[in-house]
Amino acid sequence: QAKKGSSAVYHFNEAIRLAPAEKSELHLRLAALYDAGKMKDKAAAEFRLFLAKNPDYPEKAELEKYIKEHSK
């Protein structure tokens, strides 16, 4: 996933740019790609962006814990 996912990052970001609210779940996919690529700080940033758009996300506590542990 991480090897082929790196080519998807541009397209995910473009989709988010074009439809930020409708495509907010792509922040979760980007976070997963960054996490798999050992870029924990970038994954945390994507989780933060996702939660800003989805403050009532059921697994919010898990994402906040990840953000706290992996933010620079």
*asked:* Within the 4.5 Å heavy-atom criterion, are Leu26 and Asn13 side-chain neighbours or not?
replied: no

*Tell me, please, which residues at least two apart from Lys53 pass side-chain hydrogen bond (donor to acceptor under 3.5 Å, both in side chains).*
His27

*Under the side-chain hydrogen bond (donor to acceptor under 3.5 Å, both in side chains) rule, collect the residues that match up with Asp41, sequence neighbours excluded.*
none

*Remaining members of the apolar cluster that contains Ile67, side-chain heavy atoms under 4.5 Å*: Leu28, Phe47, Phe50, Leu51, Tyr57, Leu63, Tyr66

*With sequence neighbours excluded, residues passing side-chain hydrogen bond (donor to acceptor under 3.5 Å, both in side chains) with Lys40*: Asp35

_Verdict with supporting geometry, Leu49 and Ile16, side chain to side chain contact (heavy atoms under 4.5 Å, CB included)_ = CA-CA 11 Å; Leu49 290 169; Ile16 291 168; over 6 Å; no

*Of all residues at least two apart in sequence or in a different chain, which pass the side chain to side chain contact (heavy atoms under 4.5 Å, CB included) check with Glu62?*
Glu59

_Value rounded to 0.5 Å, distance of NZ in Lys42 from OH in Tyr34_ = 5.0 Å

*Compare every heavy atom of Leu33 with every heavy atom of Val9, then report the nearest pair and how far apart it is.*
CG2-CD1, 4.4 Å

*Which heavy atom of Ala31 sits nearest a heavy atom of Ala43, and at what distance?*
O-CB, 3.4 Å

*Would you mind listing every salt bridge (Lys or Arg N to Asp or Glu O under 4.0 Å) that reaches into residues 7-22, with sequence neighbours excluded?*
Glu14-Arg17

